S.K.: 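One structure follows; several queries about it will come next.
This structure is a prediction, so every number in the text was calculated from the model and none was measured. Values reported hereafter were calculated over all heavy atoms of this structure, with side chains retained and with hydrogens, waters and symmetry mates removed.
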Amino acid sequence: MRPRTPDTANLRRVAGLSAAVVTAAQAATAVLALRKGRRDYADAVWGPGLAAVAVTSALAGRGDARRRWALAALTVAWAARLERQMLSRLRGSDEEDPRYTEFLEGASTPAVVGKVFLTQGLSQLLVSAPVQLAAASALPRGKRRWLAPAGLAVMVGGAVVEALADHQKTVYSQRDKDERPEVLDTGLWGWSRHPNYFGDSLVWDGAWLTAAASSPGLWTLPAPALMSYLLMFATGAKRTEKRMQDRPGYSDYQKRVAFFFPRPPSERD
């Protein structure tokens, strides 16, 4: 007899262990962040937390082994690159990220824990829902199973876009201020004002598509939707745009280049 898809008992185990891992990671980071007075340390646990869920799911899951370990491997690779970038940024400054200072002004310790670490932990569990469900699900025998490799390919493509966009931004920032343009509008940044965030969203769209190879995976669509919302409006692109408004040339850049989803740039007036 073929296994149920998903194995509900196994899914409960995967979800429970994932929640425990995320809780431990967020709690440890919260203690360190509050002790050091650097609440922006929360950024450093985002990628590792999702990677920990993926690995935990692969270890505890009884679903298709190749799919669950492929998801774990890609998530860990994505998180490792992101973590290097986050740690470099955090070590490069002795002051807290102004976004956190502004957002948490006057907040008590319980409020900080709730607004930052509890919220982030819940977001990690929801965003990783496709990974958890895939780990406890069998792959069908029909054509639908090809959604799994297609989704993995989308994850790889998104990770490449994100990494390339970040590399282009780093090269731009390292140029002499007198020689570099006012705004980075070449390469991927000439097609989208936030290609790194767009690539990040593709990674999690791909994870959902991989899970959707098993019928219940379709129901985890809120997961990539939440990630896209966070990247576009909550913690990502919109906040970045707010900080960039006073930069010379940025208003013209906004008129020429798409906000998030890439398209060819408009001609200059």
S.K.: Going hydrophobic residue to hydrophobic residue with side-chain gaps under 4.5 angstrom, can you get from Leu226 over to Phe233?
M.R.: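 As far as the 4.5 Å side-chain criterion goes, Phe233 and Leu226 are connected within one cluster.
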S.K.: Cluster question for you: counting only ILVMFWY and a side-chain heavy-atom cut-off of under 4.5 Å, with indirect links fine, are Leu122 and Leu17 together?
M.R.: no
S.K.: Mind checking the OG1-CZ spacing from Thr29 to Arg38? Nearest 0.5 Å is all I need.
M.R.: 13.5 Å
S.K.: Checking Arg256 side chain against Ser266 main chain: does a donor-acceptor pair fall under 3.5 Å?
M.R.: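 Not a single qualifying donor-acceptor pair exists.
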S.K.: Would you give the length of the straight line joining atom CG of Asp7 to atom CZ of Arg12, rounded to the nearest 0.5 angstrom?
M.R.: 8.5 Å
S.K.: Answer whether the closest heavy-atom distance between the side chains of Pro265 and Asp185 falls below 4.5 Å.
M.R.: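 Side chain of Pro265 against side chain of Asp185, heavy atoms only: no contact under 4.5 Å found.
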S.K.: Which residues satisfy the salt bridge (charged side-chain N to carboxylate O under 4.0 Å, His left out) test with Glu102, sequence neighbours excluded?
M.R.: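 With sequence neighbours excluded, Glu102 shows a salt bridge (charged side-chain N to carboxylate O under 4.0 Å, His left out) to Lys242, given in chain and number order.
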S.K.: Taking the side chain as C-beta and beyond, is there a heavy-atom pair between Glu95 and Thr101 under 4.5 Å?
M.R.: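 SC-SC contact between Glu95 and Thr101 ruled out.
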S.K.: Quick one: name the residues clustered hydrophobically with Met244, using the 4.5 Å side-chain heavy-atom rule over I, L, V, M, F, W, Y, and just say none if it's on its own.
M.R.: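 Noted: Met244 shares its cluster with Tyr172, Val183, Leu184, Trp189, Tyr250, Tyr253, Val257.
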S.K.: Write down the atom of Pro130, the atom of Thr220, and the distance for their closest heavy-atom approach.
M.R.: CG-OG1, 3.5 Å
S.K.: Please report the shortest heavy-atom distance between Leu139 and Ser214, naming the atom on each side.
M.R.: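 The answer is CA-OG, 4.2 Å.
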S.K.: Cation-pi check for Phe260 against Lys238: NZ or CZ below 6.0 Å from the six-membered ring centre and within 45 degrees of the axis, yes or no?
M.R.: no
S.K.: Between Met227 and Trp208, does a side chain to side chain contact (heavy atoms under 4.5 Å, CB included) hold up when you go through it step by step?
M.R.: CA-CA 11 Å; Met227 180 60 108; Trp208 171 78; over 6 Å; no
S.K.: How far does CZ of Phe259 sit from CD of Glu241, to the nearest 0.5 angstrom?
M.R.: 5.5 Å
S.K.: Test of understanding: clusters of I, L, V, M, F, W, Y form through side-chain heavy atoms closer than 4.5 Å, transitively. Do Val21 and Leu82 belong to the same one?
M.R.: no
S.K.: Look at the side chain of Ser228 and the backbone N and O of Pro224, then say whether any donor-acceptor pair between them is shorter than 3.5 Å.
M.R.: yes
S.K.: Ala148 and Thr210: which non-hydrogen atoms are nearest, and at how many Å?
M.R.: O-OG1, 3.5 Å
S.K.: A side-chain contact here means heavy atoms from C-beta on lying under 4.5 Å apart; do Lys115 and Tyr100 qualify?
M.R.: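 No, every pair of side-chain atoms sits at 4.5 Å or beyond.
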S.K.: Are the side chain of Gln124 and the backbone N or O of Val22 linked by a donor-acceptor pair below 3.5 Å?
M.R.: no
S.K.: Measuring only between side-chain heavy atoms, which start at C-beta, is Leu50 closer than 4.5 Å to Val53?
M.R.: no
S.K.: Closer than 3.5 angstrom, by distance alone: can the side chain of Ser192 be matched with the main-chain N or O of Phe261 as a donor-acceptor pair?
M.R.: no
S.K.: What's the verdict on side chain to side chain contact (heavy atoms under 4.5 Å, CB included) for Leu118 and Gln26, showing C-alpha distance, side-chain angles and the deciding distance?
M.R.: CA-CA 7 Å; Leu118 177 59; Gln26 292 295 335; over 6 Å; no
S.K.: Using the salt bridge (charged side-chain N to carboxylate O under 4.0 Å, His left out) criterion, which residues pair with Glu182? Sequence neighbours excluded.
M.R.: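 Partners of Glu182 by the salt bridge (charged side-chain N to carboxylate O under 4.0 Å, His left out) criterion come out as none, since no residue qualifies.
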S.K.: If you take all heavy atoms of Glu96 and Gly37, which pair is closest and at what distance?
M.R.: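 Between these two residues, the closest heavy atoms are OE2-O, 3.9 Å.
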S.K.: Atom CZ of residue position Arg62 - does it have more than 12 heavy atoms of other residues, nucleotides or ligands inside 6.0 Å?
M.R.: no
S.K.: Does Arg99 form a side chain to side chain contact (heavy atoms under 4.5 Å, CB included) with Asp43? I'd like the steps, not just the answer.
M.R.: CA-CA 11 Å; Arg99 294 177 303 161; Asp43 286 347; 3.2 Å; yes
S.K.: Okay, side chain of Thr119, backbone of Gly114: is any donor-acceptor separation there less than 3.5 Å?
M.R.: yes
S.K.: So Pro262 and Pro195, do their side chains get closer than 4.5 Å, heavy atoms only?
M.R.: no
S.K.: Pair Leu152, Leu209 - check side chain to side chain contact (heavy atoms under 4.5 Å, CB included), show working.
M.R.: CA-CA 8 Å; Leu152 294 173; Leu209 190 62; over 6 Å; no
S.K.: Taking Gln85 for the side chain and Arg81 for the main chain, is one N or O donor matched with an acceptor at less than 3.5 Å?
M.R.: no
S.K.: Do Pro264 and Trp191 have side chains that approach each other closer than 4.5 Å (heavy atoms only, starting at C-beta)?
M.R.: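 Contact flag for Pro264/Trp191 side chains = yes.
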S.K.: Any link between Phe198 and Val127 through a network of hydrophobic side chains (Ile, Leu, Val, Met, Phe, Trp, Tyr) touching at under 4.5 Å?
M.R.: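 Yes, because Phe198 and Val127 connect within a single hydrophobic cluster, where side-chain heavy atoms sit under 4.5 Å apart.
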S.K.: With distance as the sole test, does Asp64 use its side chain to make a donor-acceptor pair with the main-chain N or O of Ser137 at under 3.5 Å?
M.R.: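 No, because the side chain of Asp64 does not come within donor-acceptor range (under 3.5 Å) of the backbone of Ser137.
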S.K.: Do Phe117 and Leu125 sit in one hydrophobic cluster, given that two such residues count as connected whenever their side-chain heavy atoms are within less than 4.5 Å of each other, even indirectly?
M.R.: no
S.K.: Should Arg144 and Ser215 count as side-chain neighbours, where that means a heavy-atom distance under 4.5 Å?
M.R.: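 Result yes, sub-4.5 Å side-chain heavy-atom pair found.
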S.K.: State the CH2-CG distance between Trp204 and Leu230, to the nearest 0.5 angstrom.
M.R.: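 It is 12.0 Å, given to the nearest 0.5 Å.
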S.K.: May I ask you to check whether over 12 heavy atoms, not counting those of Arg35, lie within 6.0 Å of atom CZ?
M.R.: no
S.K.: What closest approach, in Å, do Leu11 and Pro6 show between heavy atoms, and which atom pair accounts for it?
M.R.: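 Taking every non-hydrogen atom into account, CD2-CG, 4.2 Å.
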S.K.: Look at atom CZ of Arg243 and say whether more than 12 heavy atoms of other residues, nucleotides or ligands are closer to it than 6.0 Å.
M.R.: yes
S.K.: Within the distance-only criterion (no hydrogens, no angle test), does the side chain of Glu162 pair as donor or acceptor with the backbone N or O of Leu202 below 3.5 angstrom?
M.R.: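 Absent.
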S.K.: Do the charged groups of Arg89 and Asp97 touch, with an N to O distance under 4.0 Å?
M.R.: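 Salt bridge: yes.
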S.K.: Say whether, by atom type as modelled, one donor and one acceptor occur between the side chain of Arg13 and the main chain of Gly61 under 3.5 angstrom.
M.R.: no
S.K.: With a 4.5 Å heavy-atom cut-off, do Arg193 and Thr240 have their side chains touching?
M.R.: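 Arg193 vs Thr240: side chains apart.
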S.K.: Has Asp176 got more than 12 heavy atoms of other residues, nucleotides or ligands less than 6.0 Å from its CG?
M.R.: yes
S.K.: Using atom types as modelled and distance alone, determine if a side-chain donor or acceptor of Ser173 lies under 3.5 Å from a backbone N or O of Thr170.
M.R.: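 Flag set: sc Ser173 to bb Thr170 pair under 3.5 Å.
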S.K.: Could you tell me which non-hydrogen atom of Glu83 sits nearest to which non-hydrogen atom of Ala44, and how far apart they are?
M.R.: OE1-O, 2.7 Å
